[in-house]
Amino acid sequence: MGSHVYILGTADTKPDELLFLRAVLAERGVSGRIVDVSTGGTSPDCADIAARVVAGHHPGGAGAVFCGERGRAIAAMSEALRRFLPACDDLAGVVAIGGSGGAAVVAPAMQALPIGLPKILVSTVASGNVAPYVGDVDLSMVYSVVDLQGLNRISRSILTNAANAMAGMARHRPPPDADPRPAVGITMFGVTTRCVTEAVRVLGGGFESLVFHATGTGGRSMERLVEQGVIRGVLDITTTEFCDFVAGGIFACGAERLEAIARTGVPYVGSCGGLDMVNFGAMDSVPDRYRDRVLVRHNPFITLMRTTAEECREMGRLIGERLNRCDGPVRFYYPEGGFSELDLPGQNFHDPAADAAFRDALLATLRQTRQRRFVSLPCALNDPAFARAMATDFKTLFKETQPHAQN
């Protein structure tokens, strides 16, 4: 455990708020260090770590930050902080304050910190779309209600709550996880839950199953933990994030999806879960160009759209290209009976021709080897037999990658 909570903010414009946070932390027995991330070049006396110290971590030096142009300076200070903060070895947690500019400076650096390290950002932007600020980590955002311009009855209450929350997290960190079982990353949607549940059962007590909601962020979080060595294999049952990537839905993966698998070579068993659907918000948020498509109201906030054969072909090509970069053991399972609960005979999204378009494009793209193989089974994705086949194959592949496997 680190010895200081770092308090991030622009000390030239928000010294009172930063000092207030440090004082509340001190009352709770937690040492706070104020880190100035202002871009004016001169830090006030309240800063424990001056802006020039942070700015010096920019590849172009402090001059790249203190350039006199607000937009460039904010981006440069953000990059400098992203390099400075993770290198600090005395972190017990990080609490930050800021408006839109301040949040833009600190959020990327907080996203670069390890999952599990306490992170709180108090901001005026916390009542809107917080996805760009939270990213794929456990960053907590608190809406400041009033603008962070001096202390008053509202801001003192909000900042006290944030400091108390940080003090509690910093003083009561969970003990290091001593679970000896290898962790497996598994992707899931509501419409693939039955498959995931059976797969977890088959994996049994020999693995710790970490299930990720395939909402774009879920896939990114899983791959971050693969990169960090926390997750040692992936059962990618639900690759639906590719649908939104191709068609512009709200749960899209990024262009980097599956790159962590390629770089690390961890055992990978994937499938087509949810490749029959693109996600949008409420029905009135569906783009006009898609209004004549097959749409299903999943709940008041989510509308699903069936993927076309053309979109499925594009996904088959994309997934095939990315799997070709993987040198570790790879299996991709194709469920001939449908990709989700909605892709069954009589259901709204049942479209065998579109499903087959994905299969044909994947097979045309995938370079099969002894390590990298395509497996087609006469089952629907949620059939227990399909889940058992995937999980059993994963267990075999994982065992074969272990140093003692040949003994």
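One-based numbering along the sequence shown.
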Notebook entry, point to check: Under 4.5 Å between any side-chain heavy atoms of L159 and V24, yes or no?
Noted result: no
Item checked: Side chain T365, main chain G320, donor-acceptor under 3.5 Å -> no
Next item on the list: Identify, with sequence neighbours excluded, every residue that meets salt bridge (charged side-chain N to carboxylate O under 4.0 Å, His left out) alongside D90.
Entry: R33
Next item on the list: Could you pull out all residues at least two apart from T13 that satisfy side-chain hydrogen bond (donor to acceptor under 3.5 Å, both in side chains)?
Entry: T10
Check: Quick one: are the ring centres of F374 and Y333 less than 6.0 Å apart?
Finding: no
Next item on the list: Would you please test T307 and D276 for side-chain hydrogen bond (donor to acceptor under 3.5 Å, both in side chains) and show each step?
Entry: CA-CA 5 Å; T307 47; D276 54 325; over 6 Å; no
Item checked: Ion pair R263/E259, N-O distance below 4.0 Å -> yes
Check: Looking only at atom types and distance, does a side-chain atom of R331 sit under 3.5 Å from a main-chain N or O of Q371, one as donor and one as acceptor?
Finding: yes
Note to self: Closer than 4.0 angstrom, basic N to acidic O: yes or no for E79 and R83?
What the structure shows: yes
Checklist line | K14 side chain vs D12 backbone, donor-acceptor pair below 3.5 Å | finding: no
Notebook entry, point to check: Between R388 and D393, is the closest basic N to carboxylate O distance under 4.0 Å?
Noted result: no
Notebook entry, point to check: Taking the side chain as C-beta and beyond, is there a heavy-atom pair between P329 and E400 under 4.5 Å?
Noted result: no
Notebook entry, point to check: Would a distance-only check, ignoring hydrogens and angles, find a side-chain to backbone donor-acceptor pair under 3.5 Å from R156 to F20?
Noted result: no
Checklist line | Within 6.0 Å of CZ in R291, more than 12 heavy atoms from elsewhere | finding: yes
Next item on the list: Check whether the side chains of N348 and R306 place a donor and an acceptor atom closer than 3.5 Å, and report yes or no.
Entry: no
Note to self: Does the plane of the ring in F280 sit parallel, tilted or perpendicular to the ring in Y290? Use 30° and 60° as the thresholds.
What the structure shows: tilted
Item checked: Any donor-acceptor N/O pair, E241 side chain to G216 backbone, under 3.5 Å -> yes
Next item on the list: Show your reasoning for whether salt bridge (charged side-chain N to carboxylate O under 4.0 Å, His left out) applies to R257 and D136.
Entry: CA-CA 13 Å; R257 185 70 160 89; D136 54 12; over 6 Å; no
Notebook entry, point to check: Does Q149 CD have over 12 foreign heavy atoms under 6.0 Å away?
Noted result: no
Check: Ignoring hydrogens and geometry, is there a side-chain-to-backbone donor-acceptor pair from T192 to M188 under 3.5 Å?
Finding: no
Note to self: Does R181, at its CZ atom, have more than 12 non-hydrogen atoms belonging to other residues, nucleotides or ligands within less than 6.0 Å?
What the structure shows: yes
Check: Could R359 and F332 be counted as a cation-pi pair, given that NZ or CZ must be under 6.0 Å from the ring centre and within 45° of the axis?
Finding: no
Checklist line | R317 bridged to E314 by N-O distance under 4.0 Å | finding: yes
Check: With the threshold set at 4.0 Å, does a side-chain nitrogen-carboxylate oxygen contact exist between E311 and R293?
Finding: yes
Item checked: N279 CG to T240 OG1 distance, which is reported to the nearest 0.5 Å -> 5.5 Å
Next item on the list: Would you mind reporting whether I34 and L19 have side-chain heavy atoms less than 4.5 Å apart?
Entry: yes
Margin query: Just so I know, are the side chains of F386 and E198 near enough to count as touching, which here means a heavy-atom distance under 4.5 Å?
Written below: no
Checklist line | Pairwise side-chain contact, I120 with V94, heavy-atom cut-off 4.5 Å (strictly under) | finding: no
Margin query: Counting the benzene-type ring for Trp, do F394 and Y268 have ring centres under 6.0 Å apart?
Written below: no
Notebook entry, point to check: Is R224 salt-bridged to E227, going by a charged N under 4.0 Å from an acidic O?
Noted result: no
Next item on the list: Start with the C-alpha gap between D236 and T187, add the side-chain angles, then the distance that decides, and say whether side-chain hydrogen bond (donor to acceptor under 3.5 Å, both in side chains) holds.
Entry: CA-CA 5 Å; D236 205 0; T187 49; 2.7 Å; yes
Checklist line | Side-chain donor or acceptor of R82 paired with backbone N/O of A112 under 3.5 Å | finding: no
Notebook entry, point to check: Would a line drawn from the ring center of F339 to the ring center of Y334 be shorter than 6.0 Å?
Noted result: yes
Notebook entry, point to check: Side chains of L117 and R173: closer than 4.5 Å at any heavy-atom pair?
Noted result: yes
Margin query: Main chain of G99, side chain of T124: is a donor-acceptor contact present, judged purely on distance under 3.5 Å?
Written below: no
Notebook entry, point to check: Just wondering, do L91 and H4 contact through their side chains at under 4.5 Å, heavy atoms?
Noted result: no
Check: Should the pair E341-R194 be classified as a salt bridge under the 4.0 Å nitrogen-to-oxygen rule?
Finding: yes
Item checked: Test item: V234 and F212 side chains (from C-beta on) under 4.5 Å apart, heavy atoms -> no
Next item on the list: Identify whether the distance between the nearest side-chain nitrogen and carboxylate oxygen of D16 and R22 falls below 4.0 Å.
Entry: no
Item checked: Residue E310 excluded, over 12 heavy atoms near CD under 6.0 Å -> no
Check: So with a 6.0 Å cut-off around CG of N152, is the heavy-atom count from everything else above 12?
Finding: yes
Notebook entry, point to check: Under 3.5 Å, side chain of D351 to main-chain N/O of D343, donor-acceptor pair present?
Noted result: no
